[in-house]
Participant: 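Got a structure for you, written out below as C-alpha coordinates; questions coming shortly.
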Amino acid sequence: MEKIRMTTPLVEMDGDEMTRILWKMIKEELLLPYIDLKTEYYDLGLEYRNETNDQVTIDSAEATKKYGVAVKCATITPNAARMTEYHLKEMWKSPNGTIRAVLDGTVFRTPIIVKGIEPCVKNWEKPITLARHAYGDVYKNTEIKVPGAGKAELVFTAQDGTEIRETIHQFKGPGILQGIHNTDESITSFAKACFNYALDTKQDLWFATKDTISKKYDHHFKDIFQDIYEKEYDAKFKEAGIEYFYTLIDDAVARVMKAKGGFIWACKNYDGDVMSDMVSSAFGSLAMMTSVLVSPSGVYEYEAAHGTVQRHYYKHLKGEETSTNSVATIFAWSGALRKRGELDGIGELMEFADKLEKATIQTIESGKMTKDLALITSLKDVTVLNSENFIKAVKETLERLSE
(Lines give C-alpha, C1' and ligand atoms only; values in the text may rest on other atoms or scores of the structure.)
Protein backbone atom coordinates (compact mmCIF):
# COMPACT_ATOMS: atom_id res chain seq x y z
CA MET A 1 0.00 0.00 0.00
CA GLU A 2 1.36 3.41 -0.97
CA LYS A 3 2.04 5.65 2.00
CA ILE A 4 0.09 8.87 2.50
CA ARG A 5 2.28 11.81 1.56
CA MET A 6 2.62 14.94 3.68
CA THR A 7 3.61 18.35 2.29
CA THR A 8 4.30 20.29 5.51
CA PRO A 9 6.03 18.85 8.60
CA LEU A 10 4.48 18.49 12.02
CA VAL A 11 6.53 19.79 14.91
CA GLU A 12 7.28 16.66 16.95
CA MET A 13 8.10 17.20 20.63
CA ASP A 14 9.41 14.01 22.24
CA GLY A 15 9.09 13.54 25.98
CA ASP A 16 9.98 11.55 29.06
CA GLU A 17 9.75 8.19 30.80
CA MET A 18 6.99 5.69 29.90
CA THR A 19 5.24 8.03 27.49
CA ARG A 20 8.50 8.35 25.55
CA ILE A 21 8.54 4.55 25.21
CA LEU A 22 4.91 4.54 24.01
CA TRP A 23 5.67 7.41 21.61
CA LYS A 24 8.24 5.29 19.78
CA MET A 25 5.88 2.27 19.66
CA ILE A 26 3.01 4.34 18.26
CA LYS A 27 5.19 5.77 15.51
CA GLU A 28 6.62 2.38 14.55
CA GLU A 29 3.37 0.40 14.65
CA LEU A 30 0.59 2.87 13.81
CA LEU A 31 2.08 5.71 11.77
CA LEU A 32 5.23 4.92 9.80
CA PRO A 33 3.76 1.90 7.93
CA TYR A 34 0.97 4.12 6.55
CA ILE A 35 2.31 7.68 6.33
CA ASP A 36 5.39 9.21 4.77
CA LEU A 37 5.74 11.03 8.07
CA LYS A 38 7.35 14.45 7.93
CA THR A 39 8.24 16.00 11.30
CA GLU A 40 10.64 18.59 12.64
CA TYR A 41 11.91 16.79 15.72
CA TYR A 42 12.66 18.35 19.12
CA ASP A 43 13.81 16.28 22.08
CA LEU A 44 12.01 17.67 25.15
CA GLY A 45 13.28 14.86 27.34
CA LEU A 46 14.54 16.31 30.64
CA GLU A 47 18.18 15.38 29.96
CA TYR A 48 18.30 17.35 26.72
CA ARG A 49 16.32 20.27 28.17
CA ASN A 50 18.97 20.43 30.88
CA GLU A 51 21.79 20.17 28.34
CA THR A 52 20.38 23.09 26.31
CA ASN A 53 19.39 25.19 29.34
CA ASP A 54 15.77 24.65 28.22
CA GLN A 55 16.39 26.43 24.90
CA VAL A 56 15.04 23.37 23.06
CA THR A 57 11.61 24.01 24.60
CA ILE A 58 11.54 27.59 23.33
CA ASP A 59 12.81 26.45 19.91
CA SER A 60 10.02 23.87 19.65
CA ALA A 61 7.39 26.50 20.44
CA GLU A 62 8.81 28.90 17.85
CA ALA A 63 8.80 26.06 15.28
CA THR A 64 5.12 25.47 16.10
CA LYS A 65 4.43 29.10 15.20
CA LYS A 66 6.22 28.51 11.89
CA TYR A 67 4.52 25.25 10.86
CA GLY A 68 1.13 25.71 12.56
CA VAL A 69 0.70 22.22 14.04
CA ALA A 70 2.63 20.34 16.73
CA VAL A 71 2.27 17.05 18.56
CA LYS A 72 3.79 16.69 22.02
CA CYS A 73 4.68 13.77 24.28
CA ALA A 74 4.24 14.11 28.04
CA THR A 75 7.22 15.71 29.80
CA ILE A 76 8.59 15.96 33.34
CA THR A 77 8.17 19.20 35.26
CA PRO A 78 11.05 18.85 37.72
CA ASN A 79 10.75 19.08 41.50
CA ALA A 80 13.45 18.77 44.16
CA ALA A 81 13.64 14.98 43.77
CA ARG A 82 14.10 15.30 40.00
CA MET A 83 16.92 17.81 40.53
CA THR A 84 18.93 15.04 42.20
CA GLU A 85 17.74 12.21 39.95
CA TYR A 86 18.64 13.99 36.70
CA HIS A 87 21.56 16.11 38.00
CA LEU A 88 19.84 19.27 36.80
CA LYS A 89 21.57 22.66 36.55
CA GLU A 90 18.39 24.28 37.86
CA MET A 91 14.74 23.42 38.46
CA TRP A 92 13.49 24.10 34.93
CA LYS A 93 9.95 25.40 34.53
CA SER A 94 7.06 23.35 33.13
CA PRO A 95 7.68 22.79 29.38
CA ASN A 96 3.92 23.08 28.81
CA GLY A 97 3.91 26.40 30.66
CA THR A 98 6.81 27.68 28.54
CA ILE A 99 5.14 26.60 25.29
CA ARG A 100 1.81 28.10 26.34
CA ALA A 101 3.52 31.39 27.16
CA VAL A 102 5.10 31.53 23.68
CA LEU A 103 1.90 30.54 21.83
CA ASP A 104 -0.55 32.38 24.14
CA GLY A 105 -3.40 29.97 23.52
CA THR A 106 -6.23 28.15 25.23
CA VAL A 107 -6.13 24.43 26.03
CA PHE A 108 -9.31 22.45 25.32
CA ARG A 109 -9.45 19.03 26.98
CA THR A 110 -12.23 16.54 26.28
CA PRO A 111 -12.75 12.97 27.56
CA ILE A 112 -12.65 10.14 25.02
CA ILE A 113 -15.96 8.29 25.35
CA VAL A 114 -15.91 4.51 24.97
CA LYS A 115 -18.75 2.00 25.47
CA GLY A 116 -18.11 -0.11 28.54
CA ILE A 117 -16.26 2.67 30.39
CA GLU A 118 -19.01 4.46 32.29
CA PRO A 119 -18.32 7.71 34.18
CA CYS A 120 -18.00 7.50 37.97
CA VAL A 121 -20.55 10.32 38.11
CA LYS A 122 -23.68 8.44 37.06
CA ASN A 123 -25.55 11.47 35.67
CA TRP A 124 -22.74 12.46 33.24
CA GLU A 125 -24.16 11.52 29.84
CA LYS A 126 -22.03 13.69 27.54
CA PRO A 127 -18.37 14.80 27.56
CA ILE A 128 -17.39 17.84 29.62
CA THR A 129 -14.79 19.95 27.81
CA LEU A 130 -12.32 21.85 29.99
CA ALA A 131 -11.09 25.13 28.50
CA ARG A 132 -7.89 26.01 30.32
CA HIS A 133 -6.21 29.38 30.09
CA ALA A 134 -2.72 28.72 28.81
CA TYR A 135 -0.71 31.69 30.00
CA GLY A 136 0.66 33.08 33.23
CA ASP A 137 -0.38 32.56 36.86
CA VAL A 138 1.73 29.99 38.75
CA TYR A 139 3.20 28.60 35.49
CA LYS A 140 5.14 31.84 34.94
CA ASN A 141 5.64 32.71 38.59
CA THR A 142 8.57 34.21 40.48
CA GLU A 143 9.31 32.75 43.90
CA ILE A 144 11.50 33.78 46.81
CA LYS A 145 12.50 31.88 49.93
CA VAL A 146 12.36 34.46 52.71
CA PRO A 147 15.40 33.96 54.97
CA GLY A 148 14.08 35.82 58.02
CA ALA A 149 12.23 38.82 59.39
CA GLY A 150 11.50 41.70 57.02
CA LYS A 151 8.89 43.42 54.89
CA ALA A 152 7.69 41.97 51.56
CA GLU A 153 6.29 44.45 49.05
CA LEU A 154 4.58 44.25 45.68
CA VAL A 155 5.98 47.05 43.51
CA PHE A 156 5.05 48.16 39.99
CA THR A 157 7.24 50.83 38.36
CA ALA A 158 5.62 52.54 35.36
CA GLN A 159 7.62 53.67 32.34
CA ASP A 160 7.48 57.26 33.59
CA GLY A 161 9.01 56.17 36.89
CA THR A 162 5.90 56.39 39.06
CA GLU A 163 5.35 53.52 41.47
CA ILE A 164 2.46 51.51 42.85
CA ARG A 165 3.50 49.84 46.10
CA GLU A 166 1.61 47.46 48.39
CA THR A 167 2.82 45.62 51.47
CA ILE A 168 2.35 41.87 51.09
CA HIS A 169 3.42 40.79 54.57
CA GLN A 170 5.59 41.83 57.49
CA PHE A 171 7.59 38.66 58.11
CA LYS A 172 8.64 37.87 61.69
CA GLY A 173 10.67 34.88 60.56
CA PRO A 174 11.42 32.71 57.49
CA GLY A 175 8.73 32.05 54.87
CA ILE A 176 8.05 32.05 51.16
CA LEU A 177 6.81 34.49 48.50
CA GLN A 178 5.24 33.98 45.11
CA GLY A 179 4.56 36.57 42.43
CA ILE A 180 2.18 35.81 39.56
CA HIS A 181 0.89 37.87 36.67
CA ASN A 182 -1.37 37.88 33.64
CA THR A 183 -2.12 40.33 30.82
CA ASP A 184 -5.31 41.83 29.43
CA GLU A 185 -4.22 40.70 25.98
CA SER A 186 -3.93 37.05 27.03
CA ILE A 187 -7.16 37.05 29.05
CA THR A 188 -8.96 38.59 26.06
CA SER A 189 -7.58 35.89 23.75
CA PHE A 190 -8.69 33.24 26.26
CA ALA A 191 -12.21 34.67 26.46
CA LYS A 192 -12.64 34.91 22.68
CA ALA A 193 -11.28 31.40 22.16
CA CYS A 194 -13.82 30.05 24.66
CA PHE A 195 -16.76 31.96 23.15
CA ASN A 196 -15.80 30.89 19.61
CA TYR A 197 -15.33 27.25 20.62
CA ALA A 198 -18.74 27.29 22.33
CA LEU A 199 -20.35 28.64 19.15
CA ASP A 200 -18.49 26.14 16.95
CA THR A 201 -19.58 23.18 19.08
CA LYS A 202 -22.97 24.67 20.11
CA GLN A 203 -22.33 24.05 23.79
CA ASP A 204 -23.05 26.15 26.87
CA LEU A 205 -20.01 27.88 28.37
CA TRP A 206 -19.29 28.17 32.09
CA PHE A 207 -16.53 30.37 33.49
CA ALA A 208 -15.42 30.26 37.11
CA THR A 209 -12.81 32.02 39.29
CA LYS A 210 -12.46 32.97 42.97
CA ASP A 211 -13.35 36.66 42.60
CA THR A 212 -14.87 36.92 46.10
CA ILE A 213 -11.39 36.45 47.60
CA SER A 214 -9.20 37.70 44.73
CA LYS A 215 -11.09 40.96 44.26
CA LYS A 216 -8.64 42.41 41.73
CA TYR A 217 -6.79 39.51 40.05
CA ASP A 218 -9.61 36.99 39.58
CA HIS A 219 -12.28 39.69 39.33
CA HIS A 220 -10.39 41.16 36.37
CA PHE A 221 -10.81 37.87 34.47
CA LYS A 222 -14.54 37.96 35.22
CA ASP A 223 -14.88 41.58 34.03
CA ILE A 224 -13.04 40.99 30.75
CA PHE A 225 -15.14 37.92 29.96
CA GLN A 226 -18.37 39.77 30.72
CA ASP A 227 -17.41 42.86 28.72
CA ILE A 228 -16.45 40.83 25.63
CA TYR A 229 -19.57 38.67 25.91
CA GLU A 230 -21.93 41.64 26.09
CA LYS A 231 -20.24 43.53 23.24
CA GLU A 232 -19.55 40.69 20.80
CA TYR A 233 -21.25 37.41 21.66
CA ASP A 234 -24.57 37.92 23.46
CA ALA A 235 -26.69 37.97 20.28
CA LYS A 236 -24.68 35.13 18.70
CA PHE A 237 -25.18 32.90 21.75
CA LYS A 238 -28.92 33.59 21.82
CA GLU A 239 -29.20 32.82 18.12
CA ALA A 240 -27.31 29.54 18.64
CA GLY A 241 -29.53 28.66 21.62
CA ILE A 242 -26.62 28.38 24.04
CA GLU A 243 -25.81 30.09 27.33
CA TYR A 244 -22.81 31.78 28.92
CA PHE A 245 -22.67 32.28 32.65
CA TYR A 246 -20.12 33.10 35.32
CA THR A 247 -20.01 31.46 38.73
CA LEU A 248 -17.59 31.01 41.62
CA ILE A 249 -15.18 28.09 41.23
CA ASP A 250 -16.66 26.56 44.43
CA ASP A 251 -20.14 26.66 42.90
CA ALA A 252 -18.92 25.31 39.57
CA VAL A 253 -17.30 22.29 41.25
CA ALA A 254 -20.56 21.51 43.04
CA ARG A 255 -22.73 22.08 39.96
CA VAL A 256 -20.57 19.99 37.64
CA MET A 257 -21.13 16.91 39.81
CA LYS A 258 -24.90 17.18 39.27
CA ALA A 259 -24.80 18.18 35.59
CA LYS A 260 -25.40 15.90 32.60
CA GLY A 261 -22.36 17.17 30.66
CA GLY A 262 -22.24 18.46 27.13
CA PHE A 263 -20.83 21.88 28.03
CA ILE A 264 -17.51 23.76 28.17
CA TRP A 265 -16.07 24.68 31.55
CA ALA A 266 -13.55 27.52 31.26
CA CYS A 267 -10.97 27.81 34.03
CA LYS A 268 -7.85 29.77 34.84
CA ASN A 269 -4.53 28.02 34.23
CA TYR A 270 -4.07 26.04 37.45
CA ASP A 271 -7.80 25.41 38.01
CA GLY A 272 -7.98 23.97 34.49
CA ASP A 273 -4.96 21.76 35.14
CA VAL A 274 -6.51 20.24 38.26
CA MET A 275 -10.13 20.05 37.10
CA SER A 276 -9.26 18.42 33.78
CA ASP A 277 -7.53 15.62 35.70
CA MET A 278 -10.62 15.25 37.90
CA VAL A 279 -12.99 15.18 34.92
CA SER A 280 -10.86 12.79 32.88
CA SER A 281 -10.42 10.40 35.82
CA ALA A 282 -14.14 10.47 36.60
CA PHE A 283 -14.92 9.71 32.96
CA GLY A 284 -12.68 6.64 33.13
CA SER A 285 -8.97 7.32 33.03
CA LEU A 286 -6.42 10.11 32.96
CA ALA A 287 -5.14 8.45 29.79
CA MET A 288 -8.53 8.93 28.08
CA MET A 289 -8.54 12.68 27.49
CA THR A 290 -7.60 14.71 24.44
CA SER A 291 -5.82 18.04 24.78
CA VAL A 292 -5.24 20.73 22.17
CA LEU A 293 -3.69 24.16 22.64
CA VAL A 294 -5.19 26.70 20.22
CA SER A 295 -3.49 30.07 19.81
CA PRO A 296 -5.21 33.28 18.66
CA SER A 297 -3.21 33.13 15.43
CA GLY A 298 -4.57 29.66 14.58
CA VAL A 299 -1.65 27.51 15.74
CA TYR A 300 -2.41 24.06 17.22
CA GLU A 301 -0.45 21.87 19.63
CA TYR A 302 -1.85 18.41 20.44
CA GLU A 303 -0.84 16.33 23.45
CA ALA A 304 -2.11 13.86 26.02
CA ALA A 305 -3.55 15.48 29.13
CA HIS A 306 -1.70 13.12 31.52
CA GLY A 307 1.86 12.85 32.80
CA THR A 308 4.85 10.63 32.03
CA VAL A 309 3.64 7.54 33.97
CA GLN A 310 6.76 7.46 36.15
CA ARG A 311 5.83 4.31 38.11
CA HIS A 312 5.43 2.23 34.95
CA TYR A 313 8.70 3.58 33.57
CA TYR A 314 10.62 2.35 36.62
CA LYS A 315 9.01 -1.08 36.15
CA HIS A 316 9.98 -0.98 32.47
CA LEU A 317 13.62 -0.23 33.38
CA LYS A 318 13.65 -3.32 35.61
CA GLY A 319 12.44 -5.42 32.70
CA GLU A 320 9.00 -5.89 34.22
CA GLU A 321 5.85 -5.92 32.10
CA THR A 322 3.68 -2.80 32.04
CA SER A 323 0.11 -2.23 30.90
CA THR A 324 0.16 1.49 30.17
CA ASN A 325 -2.78 3.19 28.48
CA SER A 326 -1.61 4.89 25.27
CA VAL A 327 -5.02 6.09 24.01
CA ALA A 328 -4.58 9.81 24.71
CA THR A 329 -1.13 9.77 23.11
CA ILE A 330 -2.54 8.02 20.03
CA PHE A 331 -5.27 10.68 19.88
CA ALA A 332 -2.64 13.43 20.16
CA TRP A 333 -1.07 12.10 16.96
CA SER A 334 -4.42 11.62 15.21
CA GLY A 335 -5.53 15.14 16.17
CA ALA A 336 -2.32 16.68 14.84
CA LEU A 337 -2.42 14.63 11.63
CA ARG A 338 -6.08 15.57 11.04
CA LYS A 339 -5.34 19.26 11.51
CA ARG A 340 -2.26 19.01 9.27
CA GLY A 341 -4.40 17.36 6.61
CA GLU A 342 -7.10 20.00 7.01
CA LEU A 343 -4.66 22.93 6.70
CA ASP A 344 -2.81 21.36 3.75
CA GLY A 345 -5.90 20.03 1.96
CA ILE A 346 -4.84 16.36 2.26
CA GLY A 347 -8.09 14.41 2.63
CA GLU A 348 -6.28 11.07 2.92
CA LEU A 349 -4.45 12.27 6.03
CA MET A 350 -7.70 13.40 7.66
CA GLU A 351 -9.36 10.07 6.81
CA PHE A 352 -6.42 8.16 8.27
CA ALA A 353 -6.68 10.15 11.52
CA ASP A 354 -10.40 9.32 11.76
CA LYS A 355 -9.68 5.65 11.06
CA LEU A 356 -6.92 5.49 13.69
CA GLU A 357 -9.26 6.86 16.37
CA LYS A 358 -12.03 4.49 15.29
CA ALA A 359 -9.62 1.55 15.45
CA THR A 360 -8.49 2.53 18.96
CA ILE A 361 -12.07 2.78 20.26
CA GLN A 362 -13.20 -0.43 18.51
CA THR A 363 -10.25 -2.31 20.03
CA ILE A 364 -11.34 -1.33 23.54
CA GLU A 365 -15.03 -1.98 22.85
CA SER A 366 -14.13 -5.46 21.57
CA GLY A 367 -12.75 -6.23 25.04
CA LYS A 368 -9.02 -5.68 24.44
CA MET A 369 -7.63 -3.04 26.75
CA THR A 370 -4.95 -2.02 29.23
CA LYS A 371 -5.19 -2.82 32.93
CA ASP A 372 -6.46 0.61 34.05
CA LEU A 373 -9.55 0.21 31.84
CA ALA A 374 -10.04 -3.48 32.64
CA LEU A 375 -10.41 -2.54 36.32
CA ILE A 376 -13.35 -0.22 35.62
CA THR A 377 -15.06 -1.60 32.51
CA SER A 378 -18.60 -2.98 32.52
CA LEU A 379 -17.66 -5.32 29.64
CA LYS A 380 -17.37 -9.02 30.50
CA ASP A 381 -14.47 -11.40 29.82
CA VAL A 382 -12.04 -8.71 28.72
CA THR A 383 -8.46 -9.33 27.66
CA VAL A 384 -5.85 -7.31 29.55
CA LEU A 385 -2.97 -6.41 27.24
CA ASN A 386 0.46 -5.07 28.05
CA SER A 387 1.63 -1.70 26.71
CA GLU A 388 3.06 -3.01 23.44
CA ASN A 389 0.35 -5.58 22.72
CA PHE A 390 -2.43 -3.02 23.09
CA ILE A 391 -0.81 -0.88 20.40
CA LYS A 392 -0.42 -3.99 18.23
CA ALA A 393 -4.09 -4.83 18.78
CA VAL A 394 -5.03 -1.34 17.59
CA LYS A 395 -2.88 -1.97 14.52
CA GLU A 396 -4.77 -5.19 13.78
CA THR A 397 -8.09 -3.34 13.98
CA LEU A 398 -6.68 -0.55 11.80
CA GLU A 399 -5.62 -3.12 9.19
CA ARG A 400 -9.16 -4.58 9.13
CA LEU A 401 -10.70 -1.13 8.73
CA SER A 402 -8.32 -0.43 5.83
CA GLU A 403 -9.25 -3.56 3.88
Side-chain angles (χ1 to χ4, degrees), residues 11-27 39 41-64 70-103 107 109 132 134-135 137-143 178 269-270 272-274 276-277 280-281 285-293 301-318 320 322 324-333 336 372 387:
V11 175
E12 178 186 350
M13 304 173 183
D14 210 345
D16 286 299
E17 299 188 318
M18 198 63 210
T19 45
R20 188 181 180 99
I21 305 297
L22 298 175
W23 193 262
K24 187 170 183 288
M25 291 181 190
I26 290 165
K27 284 178 67 179
T39 71
Y41 179 87
Y42 292 86
D43 184 358
L44 266 57
L46 188 50
E47 294 98 332
Y48 194 63
R49 277 186 275 144
N50 190 56
E51 187 180 322
T52 64
N53 297 322
D54 210 30
Q55 184 62 41
V56 65
T57 307
I58 296 165
D59 291 346
S60 70
E62 291 296 340
T64 304
V71 59
K72 180 182 173 295
C73 184
T75 46
I76 294 168
T77 298
N79 55 17
R82 299 295 202 168
M83 286 281 292
T84 305
E85 182 182 356
Y86 284 87
H87 309 290
L88 301 181
K89 299 172 188 175
E90 63 178 84
M91 200 179 294
W92 305 109
K93 289 183 180 287
S94 157
N96 288 351
T98 300
I99 293 164
R100 287 172 196 139
V102 174
L103 299 182
V107 178
R109 291 179 169 173
R132 174 185 172 186
Y135 176 79
D137 301 344
V138 297
Y139 297 85
K140 289 290 286 183
N141 68 9
T142 300
E143 299 176 323
Q178 181 184 77
N269 209 343
Y270 178 74
D273 191 358
V274 175
S276 64
D277 280 354
S280 62
S281 182
S285 170
L286 289 172
M288 296 289 285
M289 196 166 203
T290 64
S291 181
V292 57
L293 173 69
E301 183 240 325
Y302 294 82
E303 61 179 331
H306 59 76
T308 59
V309 203
Q310 179 184 9
R311 184 173 56 86
H312 285 199
Y313 180 61
Y314 290 160
K315 287 181 68 176
H316 173 80
L317 290 179
K318 293 176 186 174
E320 297 175 17
T322 63
T324 315
N325 191 327
S326 54
V327 172
T329 307
I330 293 170
F331 271 63
W333 273 104
D372 61 319
S387 306

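As the structure is a computational prediction, the values presented were derived from the model and not from experiment.
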Participant: Got a sec, which residues hit side chain to side chain donor-acceptor pair (under 3.5 Å) with Tyr139, two or more places apart in sequence or on another chain?
Facilitator: Arg132, Asp273

Participant: Just jot down the side chain to side chain donor-acceptor pair (under 3.5 Å) partners of Thr75, sequence neighbours excluded, or say none.
Facilitator: Lys72

Participant: Sequence neighbours left out, what pairs pass salt bridge (Lys or Arg N to Asp or Glu O under 4.0 Å) with at least one residue falling in residues 75-99?
Facilitator: Glu17-Arg82, Arg82-Glu85

Participant: Show me the donor-acceptor pairs, under 3.5 Å and distance only, between side chains in residues 20-27 and residues at least two apart or in other chains.
Facilitator:
residue : atom : partner : partner atom : Å
Arg20   : NH1  : Gly15   : O            : 2.7
Arg20   : NH1  : Asp43   : OD1          : 2.9
Arg20   : NH2  : Asp43   : OD1          : 3.4
Arg20   : NH2  : Asp43   : OD2          : 3.3
Trp23   : NE1  : Glu12   : OE2          : 2.9
Lys24   : NZ   : Glu28   : OE2          : 2.8
Lys27   : NZ   : Glu12   : OE1          : 3.3
Lys27   : NZ   : Glu12   : OE2          : 2.9

Participant: Under the criterion side-chain hydrogen bond (donor to acceptor under 3.5 Å, both in side chains), I'd like the reasoning laid out for Thr57 against Thr98: C-alpha separation, chi angles, the key distance, then a yes or no.
Facilitator: CA-CA 7 Å; Thr57 307; Thr98 300; 5.9 Å; no

Participant: Please determine whether the number of non-hydrogen atoms from other residues, nucleotides or ligands lying under 6.0 Å from atom OH of Tyr48 exceeds 12.
Facilitator: no

Participant: Report the residues that fulfil side chain to side chain donor-acceptor pair (under 3.5 Å) with Ser276, sequence neighbours left out, ordered by chain and then residue number.
Facilitator: Arg109

Participant: Could you check whether any side-chain N or O of Asp16 sits under 3.5 Å from a backbone N or O of Ile76, counting only pairs where one atom can act as donor and the other as acceptor?
Facilitator: yes

Participant: Check Val327 against Ala287 and note the closest heavy-atom contact, atom names and distance.
Facilitator: CB-O, 3.8 Å

Participant: Please determine whether the number of non-hydrogen atoms from other residues, nucleotides or ligands lying under 6.0 Å from atom OH of Tyr41 exceeds 12.
Facilitator: yes

Participant: Without hydrogens or angle criteria, can the side chains of Thr324 and His312 be said to hold a donor-acceptor pair below 3.5 Å?
Facilitator: yes

Participant: Dump the intermediate steps for side-chain contact (heavy atoms from CB on, under 4.5 Å) on Ile99 and Ser60, then the final yes or no.
Facilitator: CA-CA 8 Å; Ile99 293 164; Ser60 70; 4.3 Å; yes

Participant: Please find the pair of heavy atoms, one from Ala61 and one from Met13, that lie closest to each other, and give the distance.
Facilitator: N-CE, 4.4 Å

Participant: If the condition is ring-ring contact (aromatic ring centres under 6.0 Å, His included), which residues does Tyr135 pass it with, not counting sequence neighbours?
Facilitator: His181

